[in-house]
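In what follows, a single structure is set out as structure tokens and then discussed.
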Amino acid sequence: MKPVIQAPAEAMLELLQELAAFSAPGPGVTRLLYTPEWSGAQHFLQETMAGLGLEVHTDSVGNVFGRLNGSQPSGSVILTGSHIDTVVNGGKYDGVYGVAAAVTALHYLAETFGPPLRTLEVAAFCEEEGSRFPLAFWGSGNVTGLYDGKAADSIADPEGVTLMEAMNACGLGTGGSRIDSEESSGRGADSARREDIGMFVELHIEQGILLEQSAEQIGVVQAIAGQRRFTVKVEGTANHAGTTPMGLRRDALAGTAEMLCALERSAAEAGAPLVATAGRLEVIPGTPNVIPGEVQFTLDIRHSEAARLESFCAALAAAFGEIAARRGLTLELVPTLATSPAPMNQALCGALEQICLEQGRSFRRMVSGAGHDAQLFAPKCPAAMIFVPSRAGISHSPEEYSSPEELAAGLNVLTALLYKLAYEAS
């Protein structure tokens, strides 16, 4: 007879509230990679995990892990968790919910059923969003080998602080030491890579409106859309706004505006599930009486089919190039992220559906348009994602909200899956 899983949702909700306090001033929660707020949250998690009896360790880029050792002599770990970084003025559930639920689940399982057969681990990845630096999945990317550390010298935040400098300021590097800029920047990141992860399970808020609209409690994610991110630089000639005739201008902002209209038009013509966004725009020199000489902006393009994603990006680059050439502008388009569409493991999806049926919960199969750490693990090991509803589909906002009942449902589905994977005999 299967045990009744009833993990303490109150403990998870309390941990969520405590983590939300680690935030820069302003609306919502702002906890950017390698900032004091981020460092405080990661250290708090280490203390919390240790206090709950988990074996805590960190890696060279700042990921935090809490281990519940299994009795079977196997090197394979069942990993669960998510990230703790946020966007600027974000909510208190995105990413952190998956961490708080995983910590609660492991403590509940250990207290209720004792040591598992197979080792369980919580991961609090240091970064997923890409909000401070123009790259995403830095935490899970170093664990899975997406990054080799070379970006630490070349990638900088808007204030010009490089990843290397930010890591050094937090005391991070190989074995927790600082990284020497004269040494190979790959050395510290290489030590974060792991080959012992046998499965990965991530619990997350939906960040969309499908579950709420269909009044279903759980989303069983079938696949995560692939992403392409770029930084784009358009250069023209800065000149006096009052003395330069319209026909003689090389206006970088006007050219950019035409590119962004082409982006929106092309994405609409491509149709769902493709989405394309220019999320950040910087105009130089940015004064009222000067024709913009340079514009930098970001692109985020997503689709669940790899071939269609690639063809759209290629066509868009060609269209941007034509606009720049016609206007006498120069164009630089630099890829900063390329993740493939990631199907989730069908056996794990089936197990989640069975758990929902056993717990009397409604569920739906769905595709995630948002990127998640799980998509980096999917090519490496069986991976699964569980969604709970988001009110009005709002995320990356102080208005982000999922009810305590919805969060508790996700916690108990996650806990039941971890019990099945770690405690039941193969």
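The first residue in the sequence is number 1, and the count goes up from there.
Contact of the M366 side chain with the L211 side chain is registered, since non-hydrogen atoms from C-beta on lie closer than 4.5 Å. Side-chain contact between K233 and E235: present, with at least one pair of heavy atoms (C-beta onward) separated by less than 4.5 Å. Between W38 and I84, some side-chain heavy-atom pair lies under the 4.5 Å cut-off. When side chains are defined from C-beta on, L33 counts as touching F133, because their heavy atoms get closer than 4.5 Å. Side-chain contact between T231 and L333 is absent, with no heavy-atom pair separated by less than 4.5 Å. Residues T256 and L281 meet the side-chain proximity criterion, which asks for heavy atoms closer than 4.5 Å. No side-chain heavy atom of L120 sits under 4.5 Å from any side-chain heavy atom of R67. The shortest distance between side-chain heavy atoms of Y34 and V61 falls below 4.5 Å.
Counting all heavy atoms, side chain and backbone alike, G91 lies closest to V29 at O-CB, 3.7 Å. Residues V88 and S131 share a closest heavy-atom pair of N-OG, 4.5 Å. Of all heavy-atom pairs spanning A278 and L299, the tightest one is CB-CD2, 4.4 Å. Closest non-hydrogen pair, S304 versus V367, comes out as CB-CG1, 4.3 Å. Heavy-atom minimum distance, V56 versus M49: CG2-CB, 3.5 Å. Nearest heavy atoms, S140 versus D373: OG-OD1, 2.6 Å.
When atom types are taken as modelled, the side chain of R327 and the backbone of R250 share no donor-acceptor pair closer than 3.5 angstrom. When atom types are taken as modelled, the side chain of D85 and the backbone of E128 share a donor-acceptor pair closer than 3.5 angstrom. Panel note: side chain E18, backbone L13; no donor-acceptor pair is recorded below 3.5 Å. Not a single donor-acceptor pair under 3.5 Å links the side chain of S76 to the backbone N or O of I197. Looking at R302, its side chain does come within 3.5 Å of a backbone N or O of G369 through a donor-acceptor pair. Remark: the backbone N or O of I205 is not paired with any side-chain donor or acceptor of S390 at under 3.5 angstrom. Between the side chain of T162 and the main chain of I155, no donor-acceptor pair closer than 3.5 Å is present. At distances below 3.5 Å, not a single donor-acceptor pair connects side-chain atoms of R132 with backbone N or O atoms of L163. The backbone N or O of A7 sits less than 3.5 Å from a side-chain atom of N412, completing a donor-acceptor pair. Remark: side-chain polar atoms of E406 are paired, donor with acceptor, to backbone N or O of S403 under 3.5 angstrom.
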For this session: Evaluate the criterion side-chain hydrogen bond (donor to acceptor under 3.5 Å, both in side chains) for residue pair H303 and Q227; output intermediate values, then yes/no.
Result: CA-CA 7 Å; H303 199 291; Q227 294 184 54; over 6 Å; no
Exercise. Is there a side chain to side chain contact (heavy atoms under 4.5 Å, CB included) between D59 and V143 once you walk through the steps?
Worked result: CA-CA 9 Å; D59 64 22; V143 172; 4.1 Å; yes
For this session: Show your working on side-chain hydrogen bond (donor to acceptor under 3.5 Å, both in side chains) between S82 and E202 and close with a plain yes or no.
Result: CA-CA 6 Å; S82 194; E202 184 172 8; 2.7 Å; yes
For this session: Start with the C-alpha gap between V234 and M259, add the side-chain angles, then the distance that decides, and say whether side chain to side chain contact (heavy atoms under 4.5 Å, CB included) holds.
Result: CA-CA 10 Å; V234 181; M259 292 176 191; 3.8 Å; yes
For this session: Given side chain to side chain contact (heavy atoms under 4.5 Å, CB included), test L418 with L106 step by step and report yes or no.
Result: CA-CA 8 Å; L418 296 178; L106 262 64; 3.9 Å; yes
Exercise. Passes salt bridge (Lys or Arg N to Asp or Glu O under 4.0 Å), R365 versus E353? Steps please.
Worked result: CA-CA 9 Å; R365 299 172 183 174; E353 292 179 8; 2.6 Å; yes
For this session: Could you please spell out the steps behind the side chain to side chain contact (heavy atoms under 4.5 Å, CB included) verdict for Q296 and V232?
Result: CA-CA 6 Å; Q296 298 182 20; V232 185; over 6 Å; no
Exercise. Should S39 and H43 be marked as a side-chain hydrogen bond (donor to acceptor under 3.5 Å, both in side chains) after you check the CA-CA gap, both sets of side-chain angles, and the distance that decides it?
Worked result: CA-CA 6 Å; S39 293; H43 284 118; 5.3 Å; no
For this session: Verify side-chain hydrogen bond (donor to acceptor under 3.5 Å, both in side chains) between S362 and E216, making sure each step is shown before the conclusion.
Result: CA-CA 5 Å; S362 58; E216 288 160 316; 5.9 Å; no
For this session: Applying salt bridge (Lys or Arg N to Asp or Glu O under 4.0 Å), run through R193 and E195 and close with a yes or a no.
Result: CA-CA 7 Å; R193 185 165 184 173; E195 305 291 347; 3.2 Å; yes
For this session: Evaluate ring-ring contact (aromatic ring centres under 6.0 Å, His included) for H372 paired with F137, printing each intermediate quantity in order.
Result: CA-CA 8 Å; H372 298 286; F137 306 110; 8.5 Å; no
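Around CD of E399, the count of heavy atoms belonging to other residues, nucleotides or ligands within 6.0 Å does not exceed 12. Heavy atoms from other residues, nucleotides or ligands lying under 6.0 Å from NE2 of H57 number more than 12.
Here the CD atom belonging to Q222 is positioned 12.0 Å from the OG atom belonging to S368, to the nearest 0.5 angstrom. L331 contributes atom CG, which lies 8.5 Å from atom CG of L329 (distance to the nearest 0.5 angstrom). With values rounded to the nearest 0.5 angstrom, N63 atom CG is found 9.0 Å from T58 atom OG1. Taken to the nearest 0.5 Å, the CG atom of L417 stands 8.5 Å off from the CE atom of M199. For the atom pair CG (L352) and CE (M344), the distance works out to 11.0 Å, reported to the nearest 0.5 Å. The CZ atom of F230 sits 5.5 Å away from the CD1 atom of I301 when rounded to the nearest 0.5 Å.
In this structure, E400 does not pair ionically with R391, as no charged nitrogen and carboxylate oxygen lie closer than 4.0 Å.
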Taking distance alone, no hydrogens or angles, what donor-acceptor pairs closer than 3.5 Å link side-chain atoms of residues 261-274 to residues at least two apart or in another chain?
from: S266; atom 1: OG; to: A262; atom 2: O; distance (Å): 2.8

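Residues T298 and R280 have side chains that never bring a donor and an acceptor to within less than 3.5 angstrom of each other. Side-chain contact, H396 with D94: a donor N or O sits under 3.5 Å from an acceptor N or O.
Aromatic ring pairs are classed by plane angle as parallel below 30°, tilted from 30° to 60° and perpendicular above 60°; the pair W138 and Y147 is tilted. Ring-plane geometry between F200 and F377 is classed as parallel, the angle between the planes falling under 30 degrees on a 0 to 90 degree scale with a further cut at 60.
A cation-pi contact links R194 to F65, judged by a cut-off of 6.0 Å to the six-membered ring centre and 45° from its axis.
For K92, the side chain to side chain donor-acceptor pair (under 3.5 Å) test picks out Q17, with sequence neighbours left out.
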